[in-house]
Structure formats: structure tokens, C-alpha cells
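Below: the structure, in C-alpha cells.
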Amino acid sequence: MFWDLIQQSEIEEQKEKAVSLEQRVLYLEEELENTKTLLLKTLHILEERSGKDIDGDGIVG
């Protein structure tokens, strides 16, 4: 069983190395876009609930 764990760890390590830099960049760009979208949604909710213009765009919500 211990040997299987070591082998699985090595397989995972090789998978990580096999992923190209371009694929990793695409993944990170997608994650960044998702994070920005979530941040904007959160900001709009905060502005609506507080009634204040938090981001300074002159619009509440």
C-alpha cells in the first residue's frame, strides 16, 4: 500500500510537469476573469445594500 502511494505521488508529479505553460496560463487567465466577475458582483451588492458608491464610479449599485 505504501508503495502505491509513492507511485501515485510520482504520477501526479509527472502530470503537473506535463501540463504546458500555455495551458497553465489559460487556466490562470480564466480564474482571474472568474474572480473579477465575482468581485464586481460582490461590489454591486455591497453598494446596493449600503447605498454608497464604493468604487467611485458615481453610480450606486
Side-chain angles (χ1 to χ4, degrees):
M1 185 169 166
F2 187 75
W3 180 248
D4 289 341
L5 289 174
I6 291 173
Q7 286 181 324
Q8 186 62 35
S9 174
E10 289 179 11
I11 289 170
E12 290 299 320
E13 188 176 321
Q14 289 301 316
K15 280 184 187 177
E16 289 176 16
K17 289 179 182 177
V19 175
S20 74
L21 181 58
E22 185 177 342
Q23 288 172 322
R24 289 168 50 193
V25 168
L26 289 173
Y27 172 77
L28 290 172
E29 287 175 340
E30 184 178 334
E31 284 297 305
L32 176 60
E33 189 62 36
N34 291 338
T35 302
K36 287 169 60 178
T37 300
L38 178 62
L39 181 59
L40 285 173
K41 287 178 182 179
T42 304
L43 178 63
H44 289 183
I45 291 170
L46 284 172
E47 285 188 347
E48 288 174 0
R49 296 210 178 172
S50 70
K52 296 179 181 178
D53 177 23
I54 297 172
D55 63 359
D57 65 355
I59 302 170
V60 174

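Side-chain atoms are counted along with the backbone in the values below, which use heavy atoms only and exclude waters and symmetry mates.
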Quick check: does any side chain N or O of Asp53 sit under 3.5 Å from a backbone N or O of Val60, one acting as donor and the other as acceptor? no

Please output the side-chain donor-acceptor pairs of residues 38-50 that fall under 3.5 Å, not counting sequence neighbours, one pair per line with the distance.
from	atom 1	to	atom 2	distance (Å)
Thr42	OG1	Leu38	O	2.8
Glu47	OE1	Gly61	N	2.9
Glu47	OE2	Ile54	N	3.0
Glu47	OE2	Asp55	N	3.1
Ser50	OG	Leu46	O	2.9
Ser50	OG	Lys52	N	3.2

Starting at CD of Glu12, measure out to CD of Glu10 and round the result to the nearest 0.5 Å. 11.5 Å

Show, in sequence, the C-alpha distance, side-chain angles and deciding distance for Glu30 and Asn34, and conclude whether the side chain to side chain contact (heavy atoms under 4.5 Å, CB included) test is met. CA-CA 6 Å; Glu30 184 178 334; Asn34 291 338; 4.0 Å; yes

Please name the residue in the list Glu31, Gln23, Glu29 that meets the side chain to side chain contact (heavy atoms under 4.5 Å, CB included) test with Tyr27. Glu31

Any non-hydrogen side-chain atom of Lys36 less than 4.5 Å from a side-chain atom of Leu32? yes

